[in-house]
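Heads up: the structure comes next, in structure tokens.
None of the values given here were measured: they were computed from a predicted structure. For ligands, and for the atoms within them, numbers begin at 1 and follow the listed sequence.
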Amino acid sequence: MLDIAFAKAVLPKTGVVVVPLAEGAALSGQALALDKACAGALKRAIDAAAFTGKKGSQVNLPAPTAGLRRVLLLGTGKAGALTPRRAEELGGALAAALARESEALLLAEDLSPPLAAHLALGARLRAYKFEKYRTTLEDDEKARLAKLTILGADPAKSRAAYTPLAAVAEGVELTRDLVTEPANVLYPAEFATRLEGLKKLGLKIEVFDRKALEKLGFGSMLSVSWGSAREPRMVVLQWLGASGATGAEGKKPKKPKAPIAFIGKGVTFDSGGISIKPAAGMEDMKWDMAGAGAVAGVMAALAGRKARVDAIGLVGLVENMPSGSAVRPGDVVKSYSGQTIEILNTDAEGRLVLADVLYYAQARFAPRYMIDLATLTGAIIVGLGHEYAGLFSNSDELSGKLIAAGQAVGEELWRMPLAAPGESYDKNLKSAIADMQNIGGGRAGGSITAAQFLQRFVNGKPWAHLDIAGMAWAAKDLPTTPKGATAYGVRLLDRLVADHFEGDPAAP
Ligand code: BES
Ligand code: MN
Ligand code: ZN
């Protein structure tokens, strides 16, 4: 993890120094003093490289003095145009450029404390690494940015602004670790065990095993796990930051009042089951639990920054495998809601998991809003690519809030259609022998069909479904995400809570 420190501005004489510079701005203050200490090398480099300060542009000066190892000029774009999100992207660019340095200093006297804090967050998120299974590293892979010290920008205020962001970063890191783990290590029971580690943050946690789920009548979710040697779990996390702290203080939790509920698809491996997937790319299905991973991360973030909100996280954890005990195409199961489902394709399993967990969430907690996250359909990748997650909702108000939160943190959503029960798209789910079937008639509108299926289990309550299949995993580096697990959804939902659900608990 990248360690971030904030300190008073001093003129650095050794090490690696990053000098941010706005478009068209001249060197001033500490940066000018540094230039003098380097006998004008910074100004000469700016001229020689025609450096204008354009956002993201960089000029590298190796060893400009006997003491300084490196100076990096970093363009910050038009003065005054720096938003928190753009500051994060700059931090990410800095972390990428300095990936092989061990420590760096940033001259930040021109940055406001909130922008300095967001820059630090961006650097930390981009510096994430998952290396637990590498037993050998090349020499040039061993070096890593371990510490970034931000000089100036009112250290005390910047540190205060960074503290809640660090809790969010920890949530993101937790999610990325869970999503990256291979399925032989992270199966439902192991996922639940890792969530138990969140008790230390003050979260209340309940784990439901197979027997408990059978007793509840989770016939839809359980059918997905029939073929697997790994037993299913459902985990319920509660953070009661508005109605009274839970867990760590050992107090008996009060019942949350109209909490917000996050529900995650946690298929720890999706082989497709008897409707088995093709071999090519099947390894990607280790991350078919990214929705559950994001729920874990946002709950950790909310607890870590002691958010004044009552939030519930529920994850349905199963492995989808073919075997002699696996569910077959044509089987009929009874869901927790009482509705029966004809399973025509065992690869449309995520909706079978969410059906029971969604119905349970609304029945037990009467949430103000339910938001589910799921790597639900390949079709959403066909439709939206890797720029937006699909948003399906029965609430215009919730949709607007989610879209705005996504824009603020760079985790964007595009709203998709959803028909009323019994109308248009919903009709595709009509089954010949049960209350519904788990797929539509053909491939057309596959992501919408899946959302229509989920809607049948929300009992008319305000709800949004985020199909994150195209966003959970990045094939290439992004500004604040190295390639791999993105933890999409953690920052989005944390921001939604911060913007709308932490004020007066009576107000929406
Ligand atoms: N987990 C997959 C969806 C998925 C595909 C996520 C690719 C990420 C990348 C889901 O369980 C699935 O298999 N969906 C099927 C549904 C179909 C059988 C109706 C699909 O998308 O093909
Ligand atoms: Mn599937
Ligand atoms: Zn799946």
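Salt-bridge check for Lys265 with Glu349: passed, with a basic side-chain N closer than 4.0 Å to an acidic carboxylate O.
The protein non-hydrogen atom at the shortest distance from atom 18 (C) of ligand 1 is Asn345 ND2, 3.6 Å. In terms of protein heavy-atom proximity, atom 20 (C) of ligand 1 is closest to Gly378 N, 3.9 Å.
Side-chain contact of Ser271 with Asn320: a donor-acceptor pair under 3.5 Å is absent, judged by distance alone. Residues Ser337 and Ser335 have side chains that bring a donor and an acceptor to within less than 3.5 angstrom of each other.
The Zn ion (ligand 3) is closest to atom OD2 of Asp288 (considering only N, O or S atoms). Closest to the Mn ion (ligand 2) among the N, O or S atoms of Asp270 is OD2.
Rounding to the nearest 0.5 Å gives a distance of 7.5 Å between CG of Leu195 and CG of Leu174.
Taking the six-membered ring where tryptophan is involved, the planes of Tyr336 and Phe218 are tilted, since the angle between them lies from 30° to 60°.
Coordination check, Asp347 versus the Zn ion (ligand 3): failed, since every N/O/S atom of the residue sits at 2.8 Å or beyond. Taking 2.8 Å as the criterion, Val267 does not count as a coordinating residue of the Zn ion (ligand 3), since none of its N, O or S atoms falls below it. Note on Glu349: counted as a metal contact of the Mn ion (ligand 2), an N/O/S atom lying under 2.8 Å.
The shortest separation from a heavy atom of Asp284 to ligand 1 is not under 4.0 Å, leaving the residue out of contact. By the 4.0 Å heavy-atom criterion, Trp473 is excluded from the residues contacting ligand 1. Contact analysis leaves Asn438 out of contact with ligand 1, as no non-hydrogen atom separation drops below 4.0 angstrom. Contact between Met285 and ligand 1 is present, with at least one heavy atom of the residue lying under 4.0 Å from the ligand.
At a heavy-atom cutoff of 4.0 Å, ligand 1 is contacted by the side chain of Lys265 but not by its backbone. Residue Asp347 touches ligand 1 through backbone and side chain together, judged by heavy-atom distances below 4.0 Å.
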Give the intermediate values and the outcome of side-chain contact (heavy atoms from CB on, under 4.5 Å) for residues Gln362 and Val458.
-> CA-CA 7 Å; Gln362 60 82 32; Val458 305; 5.7 Å; no
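Of the protein's heavy atoms, none falls inside 4.0 Å of atom 22 (O) of ligand 1.
The residue among Thr377, Ile381, Leu376, Val224 with a heavy atom at the shortest distance from atom 10 (C) of ligand 1 is Leu376.
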